[in-house]
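The chains referred to below are lettered A, B, ... by the order of the sequence lines, with proteins before strands, and numbering in each begins at 1. Please read all numbers here as calculations on a predicted model, not as lab measurements. Note that these values count all heavy atoms, side chains included, but never hydrogens, waters or copies made by symmetry.
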Amino acid sequence: MHDIHLIRAKPDLFDAGWARRGLPPIAKMLLALDDHRRAAITRVGELQATRNRLSAEVGQLKRNGGDAEPLMAQVAALKEELAEREQDSKQADEALVKALEVLPTLPAAEVPDGEDEEANLEIRKWGSPRSFDFTPQLHEVLAPKLGGMDFETAAKVAGSRFTYLKGGVARLHRALAQFMLDLHSGEFGYTEVDVPLLVRDQALYGTGQLPKFSEDMFRTTDDRWLIPTAEVSLTAMVMDSIMDQRELPMRLTAGSYCFRSEIGAAGRDTTGFIRQHQFFKVELVSITKPEDSEAEHERMTTCAEEVLKRLELPYRVMLLCAGDMGFSARKTYDLEVWLPGQNRYREISSCSNCGDFQARRMRARYRRGDTSTTKSSWRIGESLLDLSSDSPEPVHTLNGSGVAVGRALIAVLENYQQADGSVAIPTVLQPYMGGLKAITLA
RNA sequence: GGAGACGUGGCCGAGCGGCUGAAGGCGACGGUUUGCUAAACCGUUAUACGGGUUAUACCGUAUCGAGGGUUCGAAUCCCUCCGUCUCCUCCA
């Protein structure tokens, strides 16, 4: 959610940013709504001030035994107009919020222009695709042969875009998640969290999925939602709170199932394990001070990359263009892993800096409280302008997959497949597989 | 599912329809004292919006879970909703 004060100050900047996301100029309309709103607020304030003043006089008179009747009549007369004006004010405010809440955040300056993934920039590449002396198979072909994936039964039981994982493949899936969580919590300072998979509207509003993207999610009969990503549950932990700067950065990780309706993806990736209604993902979330979020974004991305490095999976890092980014993101790196079966890179992680966009929506703030003795005494004779005020300001939020476990499973299966149809286990996962070195045909 | 209790500031916790943006405490911050630390003492310490200012100051309004209502006037009375907790029941 954007700050109307900023839009008021720099309307052109906002229109320019939205234009990069393919939106028409809208600042002028927003400012008109804002003018209307402010006029209404002012009028209500005036009427209320009058009412309060007169009512106080009534109290005074009554205590002194005077005749308050005429004043009381006067206040009563005010009430009708006040009620009308309050209605105006409320409607004007709602109109502005309704216009603002569906507007995406502005792309960061260094984000390239472009409408879709064609314009994304490759930032770096790690590893090189292995050369096969046989034709590498798609995971959806090789895994069923290992007895590890069953699409037909899942379709019968649950419908399309569901899969049974079995035996060594199911264990490999679990091992991957375990390994990732251990890495992030053990080496990178993330606190492991087990999160709610069902959440309320307000959590999804805060992260930006609502009100605009309700179609992409599953709703429960008791009006909750299945989370489309643990980003929601993790980020919303700081909703409606004021943190002390010493609590920042806050680094959280969670392994969770994610649920997506994939309504907008009809016809895409209809076979295999790539695009499921339900998939497992290890998520990273950081809550930082504004000045730290850019560095944290880089750090988070390298944390996700480290997963792929240790699994020895070739990947590349893409900087998404303005048109390809999500609603709440001001800058996003995608990690794309090499899939030999498809003979191309596919997204396996997405790391985004959301700036203060989500924080504003969920009122997640922190208090700088940075008036240390040295600092303030140094500045006492100077302009007070530089003294940071102690009023709460929005934090910055970041989220990234570290990484998508379902897709990591596919990547391991395809990259580690052998000529005989078996799949080797990456060294780093072997401890999680009871020392097993390969998944072989039954 | 049955019965009941409760939602007040960063936190804890008072609160009689007007003198309550809200006692008191904790915490935090500033200062005094002090060889340092600690302690003690004094003071400051909500948020949002609107107006105003170069910027401060300052002024106004709202906010005691949310939304309605009663009233000249509501944290306080009434209604609805939401949430939390306890006991019983049930259950992984």
Side-chain angles (χ1 to χ4, degrees), chain A residues 1-9 30-31 33-97 100 194 196-203 205 222-224 236 238-248 356 359-395:
Chain A
M1 179 85 89
H2 293 287
D3 184 350
I4 188 65
H5 299 100
L6 294 179
I7 299 175
R8 215 184 287 157
L30 294 173
L31 292 185
L33 286 173
D34 183 45
D35 283 343
H36 183 55
R37 167 181 149 274
R38 284 194 288 164
I41 287 173
T42 301
R43 185 69 187 128
V44 168
E46 287 166 358
L47 289 169
Q48 285 172 328
T50 306
R51 181 202 58 193
N52 292 347
R53 188 166 41 76
L54 295 180
S55 288
E57 285 177 32
V58 169
Q60 197 77 14
L61 276 175
K62 287 200 165 182
R63 239 168 297 131
N64 299 335
D67 177 17
E69 282 302 324
L71 267 184
M72 285 167 66
Q74 203 178 329
V75 179
L78 272 180
K79 287 179 71 180
E80 197 174 323
E81 187 182 359
L82 183 57
E84 276 175 36
R85 295 298 148 208
E86 279 177 338
Q87 196 62 21
D88 281 353
S89 171
K90 194 176 163 191
Q91 282 171 359
D93 195 60
E94 281 169 358
L96 181 62
V97 168
L100 282 173
D194 191 83
L197 303 182
L198 296 176
V199 298
R200 295 184 212 285
D201 290 1
Q202 59 203 63
Y205 183 87
D222 68 346
D223 292 336
R224 281 179 244 263
V238 297
M239 177 166 64
D240 280 314
S241 69
I242 300 177
M243 284 155 278
D244 187 286
Q245 67 158 351
R246 282 169 296 203
E247 299 173 66
L248 306 176
D356 64 7
R360 304 193 94 88
R361 291 175 83 96
M362 61 173 72
R363 296 165 305 280
R365 297 171 296 173
Y366 81 107
R367 218 181 276 279
R368 205 167 273 281
D370 201 15
T371 45
S372 62
T373 318
T374 13
K375 206 171 174 184
S376 49
S377 56
W378 267 103
R379 293 190 176 173
I380 220 86
E382 306 174 18
S383 159
L384 293 176
L385 278 180
D386 289 339
L387 265 180
S388 37
S389 82
D390 196 32
S391 60
E393 49 182 306
V395 293

* To do: For B:U33 and B:C85, measure between their C1' atoms and round to the nearest Å.
  => 47 Å

* If we take the P atom in both B:U89 and B:G21, what is their distance in whole Å? -> 48 Å

* Structure fact -> Separation between CE (A:Met72) and CG (A:Asp67), nearest 0.5 Å, reads 9.5 Å

* Asked: When the C1' atoms of B:C59 and B:G52 are considered, how many whole Å apart are they?
  -> 8 Å

* Where RNA chain B forms stems, i.e. three or more consecutive Watson-Crick or G-U pairs with both distances under 3.5 Å -> B:1-7 with B:82-88, B:10-12 with B:24-26, B:27-32 with B:40-45, B:46-51 with B:58-63, B:65-69 with B:77-81

* Asked: For A:Asn52 and B:G60, is the shortest distance between a side-chain N/O and OP1 or OP2 below 4.0 Å?
  -> no

* Roughly, in whole Å, what's the span from CZ in A:Arg246 to P in B:G10? -> 16 Å

* Asked: Could you state the CD-P distance from A:Glu57 to B:G73, rounded to the nearest angstrom?
  -> 15 Å

* Test item: A:Arg361 side-chain N/O and A:Tyr205 main-chain N/O as donor-acceptor pair under 3.5 Å -> yes

* Asked: Can you find a heavy atom in the side chain of A:Ile7 that is under 4.5 Å from one in the side chain of A:Leu100?
  -> yes

* Asked: With rounding to whole Å, what would you report as the distance between B:G30 and B:U86 at their C1' atoms?
  -> 44 Å

* Asked: In whole angstroms, how far is the P atom of B:G10 from the CD atom of A:Glu247?
  -> 14 Å

* Structure fact -> Sorted by chain and number, sequence neighbours left out, salt bridge (Lys or Arg N to Asp or Glu O under 4.0 Å) with A:Asp34 holds for A:Arg8, A:Arg37, A:Arg38

* Asked: A:Asp240 CG to B:U63 C1': how many Å, rounded?
  -> 14 Å

* Structure fact -> From CG of A:Leu54 across to C1' of B:G18 the rounded distance in Å is 14 Å

* Structure fact -> Separation of B:C11 atom P from A:Met243 atom CE, nearest Å, is 13 Å

* **Ion pair A:Glu81/A:Arg43, N-O distance below 4.0 Å** => yes

* To do: Rounded to the nearest 0.5 Å, what's the gap from CG on A:Leu96 to CD1 on A:Ile4? Could you check?
  => 5.0 Å

* Under 4.0 Å between a side-chain N/O of A:Arg365 and OP1 or OP2 of B:A48, yes or no? -> yes

* To do: Answer yes or no: is there a side-chain heavy-atom contact under 4.5 Å between A:Glu94 and A:Val97?
  => no

* Quote, to the nearest angstrom, the P distance that separates B:U45 from B:G24. => 13 Å

* Asked: Is any side-chain heavy atom of A:Leu248 less than 4.5 Å from a side-chain heavy atom of A:Tyr366?
  -> yes

* To do: Would you mind reading off the distance between A:Glu46 atom CD and B:A62 atom P, rounded to a whole angstrom?
  => 13 Å

* Verdict with supporting geometry, A:Arg365 and A:Met243, side-chain contact (heavy atoms from CB on, under 4.5 Å) -> CA-CA 6 Å; A:Arg365 297 171 296 173; A:Met243 284 155 278; over 6 Å; no

* Asked: Taking for each residue the nucleotide of RNA chain B with the nearest heavy atom, is it A:Val58 or A:Gln48 whose nucleotide lies nearer the 5' end?
  -> A:Gln48

* Spacing of the C1' atoms in B:U34 and B:U44 (rounded, Å) -> 22 Å

* Asked: Which heavy atom of A:Ser89 sits nearest a heavy atom of A:Val44, and at what distance?
  -> CB-CG2, 3.9 Å

* In the 5'-to-3' direction, what one-character label does each nucleotide of nucleotides 49-54 of chain B receive under the scheme B = base within less than 4.0 Å of a protein heavy atom, S = sugar-phosphate only, - = no such atom? -> SSS---

* Asked: B:G10 and B:C29: how far apart are their C1' atoms, nearest whole angstrom?
  -> 13 Å

* To do: Indicate yes or no for a side-chain donor-acceptor contact from A:Ser241 to the backbone of A:Val238 under 3.5 Å, with no hydrogens or angles considered.
  => yes

* **Interface with RNA chain B, restricted to residues 73-80 of chain A and to heavy atoms under 4.0 Å** => A:Val75, A:Lys79

* P gap between B:C78 and B:C16, integer Å -> 13 Å

* Electrostatic pair A:Arg85:A:Asp88 at N-O distance under 4.0 angstrom -> yes

* Which residues pass the salt bridge (Lys or Arg N to Asp or Glu O under 4.0 Å) test with A:Arg200, sequence neighbours left out? -> none

Protein-nucleic acid N or O pairs under 3.5 Å, nucleotides 83-85 of chain B:
| unit_1 | atom_1 | unit_2 | atom_2 | d |
| --- | --- | --- | --- | --- |
| B:G83 | OP1 | A:Arg200 | NH1 | 3.3 |
| B:G83 | O3' | A:Arg200 | NH2 | 3.4 |

* To do: Taking all heavy atoms of A:Val395 and all of A:Ala359, pick out the closest pair and write down the distance.
  => O-CB, 3.1 Å

* A:Tyr366 has an atom OH; how far is it from atom P of B:A46, in whole Å? -> 19 Å

* Structure fact -> Assign each of A:Ile242 and A:Gly59 the nucleotide of RNA chain B bearing its closest heavy atom; nearer the 5' end lies the nucleotide of A:Ile242

* A:Pro392, nearest nucleotide to its side chain (from B:C72, B:U47, B:G60) -> B:U47

* A:Ala236 and A:Ala203: which non-hydrogen atoms are nearest, and at how many Å? -> CB-CB, 3.8 Å

